[in-house]
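Before we start, here is the structure in question, set down as structure tokens.
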Amino acid sequence: MTHPTGQQITRDLVRPLLLTTWRFYVMIALFGAFVVAGLVAWLSQVYFGFGLSGINWPVFWGFYITNFVFWIGISHAGTLISAILRLVNAGWRRPVTRCAEAITTFALLIGAMFPLIHIGRPWLAFWLIPYPSERLIWPNFRSPLVWDFFAINTYLTGSLLFLLLPMIPDFAVVRDSTTGIRQKIYRVLALGWRGTPKQWHRLESAMQIMAIAIIPVAVSVHTIVSFDFSMAPVPMWQTTIFGPYFVAGAIFSGIAGLIIAMAVLRRLLHLEDYLRPLHFENLGKLMLVMALLWGYFVFNERLVTYYGNGPHEMAVFWRTQRLSFAPLYWTMVVCNFVLPLILLGIRRFRTITGCVIASFGVVIGMWLERYLIIVPSLGAKYLPYSHGTYTPELVEVTITVATFAAMCLLYMLFAKVVPIISIWELKAGEHPSPALIPPATEKHQLGDLHL
Amino acid sequence: MKAVYGLYTDGASAQQAVNRLRAAGVVDADITIISGQPMEDQEFGHRDKATWMWWLACLGGLIGMSVGFGLAWITEMSWPMNVGGLPTFAWWPNLIIIFELTMLGSILATVATLVVSALLPGKGGALYDPAVTVEGKILVGVENPSDDAVPELERSLGAPAGALVKMQ
Amino acid sequence: MRFVVTVAVCLAAFVGSVGCRVFVPASAEVDSSFPILPGQSREVFTTARPTVAAAVNDFFGRRPIAEQPFDFPHDIHVGKQVACTLCHSGVARGPVAGIPGVSTCMICHRVIAADQPRIQQLTALSEQGIDIAWKRVYGFVPEAHVRFNHAPHIRAEVECATCHGNIGEQGIAQRNVDHSMGFCVNCHNENDASIDCLTCHF
Amino acid sequence: MPQWGMAVDLDRCTGCGGCVVACHAENNISTVGDEQAAVGRAKHWLRIERYWEGDFPDVRLKFRPVMCQQCDNAPCEPVCPTYASHHTDDGLNAQVYNRCIGTRYCANACPYNARFFDFFNPSWDKPLQLQLNPDVSLREVGVMEKCTFCVQRIRAAGTQAKAEERDVADGEIQPACVQSCGARALVFGDLENPSSEVSRLSRSPRGSKLLEDTGAQPSVTYLSRLTQV
């Protein structure tokens with residue numbers, strides 16, 4: 001199998017934008033129906049009262065915050081992975097980056113919705129924005145939720161731009177390949193892109209800077225999400241390990257999400273020549289590392305709690321280890337650790353199928369991890385009188401399912417309007433920079449410093 | 001607008017065309033090169049590489065940092081509220097806000113620099129041929145040549161093998 | 001592909017079949033088995049707004065103009081040097097200033113301007129023992145959670161007009177000062193009054 | 001500035017529940033109905049926790065009224081993004097319903113689980129709404145609520161004292177629970193005033209704070225016999 005080059009790339013990658021089969025519309029309708037169901041569920045929750053959910057005293061956070069952390073975690077797929085791969089200039093990253101960045105953006109959009117779904121009075125959520133009001137009571141900057149607001153907005157802005165910038169040259173490709181109204185739209189989107197060396201250099205510099213800026217932001221985002229828990233004096237929450245633990249978990253689930261998305265795209269858009277077993281193999285190895293890291297963090301968290309032997313923490317500890325939450329807990333361990341270790345650690349199983357199965361396991365396991373952080377702890381706080389538990393209600397399940405559908409929907413629509421693999425980056429791989437280019441004349445070395 | 005340009009199938013012949021144009025006395029600023037991908041393996045692909053973007057990103061970060069600090073300071077000092085006995089201006093939490101706004105500042109500055117310096121249609125800049133993206137050609141041309149220079153330019157552009165010279 | 005569609009259809013069917021419960025919250029069902037006293041209403045009093053439109057209006061601070069059943073001319077009374085506190089007598093004593101009843105009107109109007117048609121209307125009401133259902137002009141919406149007390153403000157010698165505008169030039173009282181929180185807080189700040197949230201909101 | 005606090009004598013408490021009822025009546029706390037209560041949405045700003053001590057047959061029953069402890073270093077306060085939960089100068093842990101957007105973060109942070117959420121708009125069968133206390137606001141759906149130490153009474157007494165140009169006397173303010181406690185197990189007053197009854201009781205060697213190790217510095221002192229069971 002040879003790599004496609006030149007015109008083949010353009011043809012293959014623009015084709016999904018121009019050819020639409022009935023299957024596309026069927027899937028859009030299906031996912032759209034789920035999204036509408038979720039919307040109805042949310043509106044009915046707003047209309048009838050928050051009590052439609054299964055939240056109760058004392059488990060005040062449930063599915064919504066689980067989903068929030070989960071989706072924010074998934075969002076670390078993209079930007080972080082593609083930023084790191086860009087910075088280390090890993091050649092195999094080229095077909096992967098845009099898939100990953102799109103996941104980031106959509107997962108963030110979905111994740112950022114959950115605080116709104118979760119709060120009791122969503123119509124007042126704008127109070128988190130530091131806007132000047134006559135009363136000057138701006139948000140409480142000492143609250144982790146306000147940190148969340150700032151961090152997620154920064155990350156969303158950053159990753160959206162990180163996704164959009166390398167799309168500009170590809171918009172130009174589509175602009176030149178289409179006619180009529182579509183061409184007009186893409187002409188606007190391409191922002192006057194021509195492809196002069198100056199434009200290429202500015203774009204690459206911008207991507208470098210963005211990659212450098214986005215990595216600490218991504219790390220900070222999930223650290224701050226973990227602060228939502230570790231700032232509250234709740235057994236098993238107030239621990240310093242949560243920051244790195246959450247960041248590792250986020251990257252872990254992000255890679256899993258990316259692998260699933262890539263496998264689906266490969267199948268549906270016939271991108272077998274672009275998303276090759278090599279990519280799955282490499283991402284699988286990365287995920288294996290994260291699985292080990294995740295196991296390490298969980299072991300740390302559990303061992304320290306076990307040794308500390310505080311009565312309140314141990315109540316939560318045994319709840320997850322042996323008592324009511326044990327089935328979920330051990331499912332999580334199998335999904336997040338055992339399964340990836342077997343499927344990704346043994347070379348024979350590290351095929352595309354193996355990676356996808358492991359990824360599904362990880363997605364489930366990481367969702368359970370967040371659930372198991374939130375619910376058992378809240379249900380077993382200090383005073384035995386206030387112990388309780390939580391069962392999700394239909395609105396929560398519907399909204400949860402709807403967000404997965406929303407992710408699929410957004411991703412499908414995205415793949416329909418944007419080449420899902422960066423055309424110019426693939427082609428750029430054919431023109432590697434040699435160590436030294438002899439300048440034609442002294443004058444033309446680097447040009448003068450200008451914008 | 002008038003322009004003479006050649007379309008080339010590979011980087012080497014494009015580089016040859018550029019070199020011939022230079023030999024014909026055309027200065028670099030007048031040579032337009034358009035390619036469908038960065039051409040790091042050719043000399044012309046390294047034109048216009050120097051940029052202030054990194055410094056502007058740092059400047060944006062500094063502005064973001066000041067905005068973050070100012071926002072936190074003004075907000076907390078204009079209506080001091082006691083929450084849980086924390087100081088009114090608490091450094092640790094505010095560092096998070098300041099950090100995020102620093103990063104936001106540098107990201108926005110980067111993108112603004114990119115848009116202003118490379119994307120918005122600038123001086124001239126109308127020379128283009130869809131063959132660059134559709135057929136993967138590399139375009140080398142001269143915009144607004146003086147009429148008596150055209151034959152010379154056409155000769156230079158047509159010299160490399162497989163060249164396709166066009167007028168616009 | 002077929003597998004994906006099948007799974008999606010199954011999920012849709014699941015959500016659809018149980019989805020109706022989303023629309024009917026358990027608590028909305030009236031428990032008819034609950035014993036009630038004869039004559040007791042099964043209706044409930046709730047803090048919910050009656051309609052979505054009412055909620056939207058409240059959100060944007062749009063309030064209906066108070067339509068009084070009886071045109072009371074404030075300007076004439078204030079013009080004749082009647083003190084506000086004569087009729088709004090509770091103002092110095094406690095939270096509410098009070099809206100006077102017909103009997104208060106009759107203190108003066110038994111003799112003053114008794115030949116005017118509107119006063120005769122009043123007299124008739126008074127004789128039948130019917131009071132006028134005045135509509136509230138000022139006052140905070142329930143969601144403002146403001147517990148306002150007139151007395152401390154009167155003691156601090158705040159003019160009525162500060163908060164109620166120049167009502168002496170109005171005929172029928174209308175809201176012409178926006179009692180937003182900024183309005184209250186600015187005045188409290190200027191006069192070194194407490195701006196603690198729990199001063200007003202509890 | 002006074003610092004309001006409470007002392008609860010566990011040896012006096014009979015667990016009659018009078019304070020709970022009084023609290024409900026005074027503060028317009030809606031009852032949620034049996035179905036909602038069964039899923040854990042009952043709201044009791046003040047609850048009486050029952051603990052059995054010792055082994056059978058030598059068991060003793062202890063009651064512990066738990067309300068918002070009005071902590072000085074309240075964990076619920078800094079986590080609130082909108083300052084709905086904050087500290088007042090007179091040592092109260094304020095909950096401003098207007099400002100609350102219902103993140104329920106404060107409820108998670110509260111080690112005592114003394115905070116309650118309005119899952120639906122509260123309702124009262126007519127004409128029960130006529131018994132509602134006009135001095136206390138009615139909370140609507142989506143806000144947190146909790147014991148306020150009957151701040152309406154504190155503010156009323158403060159206004160009255162100011163009108164009469166004097167200080168609030170010790171014992172003048174009685175939250176509903178204190179007022180209704182037949183056993184006089186609950187005492188409310190100013191902790192800053194060394195001669196007040198509550199400050200005398202909180203300095204008692206019998207006194208202890210609930211969950212002191214969370215560092216919340218609660219304003220409620222529990223008095224209990226100094227015997228090791």
Side-chain angles (χ1 to χ4, degrees), chain B residues 51-120, chain D residues 1-5 68-101 103-112 114-115 144 146 148-149 151 191-192 209-220:
Chain B
T51 176
W52 286 351
M53 195 180 267
W54 292 83
W55 297 107
L56 289 171
C58 292
L59 182 70
L62 278 177
I63 293 172
M65 188 188 286
S66 330
V67 168
F69 178 79
L71 189 69
W73 182 266
I74 292 170
T75 304
E76 297 182 355
M77 286 308 174
S78 57
W79 194 309
M81 295 279 247
N82 179 1
V83 288
L86 291 183
T88 306
F89 186 85
W91 270 106
W92 288 111
N94 287 341
L95 280 178
I96 293 174
I97 306 285
I98 294 170
F99 169 78
E100 298 297 343
L101 289 181
T102 307
M103 288 313 195
L104 188 63
S106 66
I107 287 172
L108 292 180
T110 305
V111 175
T113 312
L114 173 72
V115 171
V116 170
S117 71
L119 291 183
L120 294 180
Chain D
M1 265 297 169
Q3 294 294 312
W4 303 114
C68 170
Q69 308 282 306
Q70 313 284 346
C71 312
D72 282 349
N73 276 353
C76 58
E77 290 170 359
V79 299
C80 176
T82 57
Y83 288 125
S85 171
H86 67 271
H87 218 68
T88 66
D89 291 340
D90 49 354
L92 290 180
N93 178 234
Q95 176 67 17
V96 184
Y97 309 120
N98 318 41
R99 199 62 193 158
C100 179
I101 59 171
T103 65
R104 306 191 288 291
Y105 201 169
C106 53
N108 285 350
C110 176
Y112 310 98
R115 291 177 156 264
M144 298 299 306
K146 65 163 194 77
T148 60
F149 268 0
V151 65
L191 293 169
E192 287 283 278
K209 302 280 169 85
L210 189 55
L211 299 178
E212 206 160 5
D213 52 345
T214 55
Q217 302 181 8
S219 300
V220 178

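We use all heavy atoms of the structure for the numbers below, so side chains are in, but hydrogens, waters and symmetry mates are not. Below, read A as the first sequence line, B as the second, and so on, with proteins coming before strands; counting in each chain starts at 1.
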Looking at OG1 of D/T88 and CG of B/N82, how far apart are the two atoms once the value is rounded to the nearest 0.5 Å?
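CG of B/N82 is found 8.5 Å from OG1 of D/T88.
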
Return the set of residues passing side-chain contact (heavy atoms from CB on, under 4.5 Å) with D/S219 (not counting sequence neighbours), or none when no residue passes.
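Once residues adjacent in sequence are excluded, the partners of D/S219 under the side-chain contact (heavy atoms from CB on, under 4.5 Å) criterion are D/Q70, D/D72, D/L191.
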
Measuring heavy-atom distances to chain B, does D/S85 have an atom under 4.5 Å in its side chain, in its backbone, in both, or in neither?
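It is the backbone, since no side chain atom gets that close.
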
Heavy-atom closest contact (B/V83 atom, D/H86 atom, distance)
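Of all heavy-atom pairs spanning B/V83 and D/H86, the closest is CG1-CB, 3.9 Å.
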
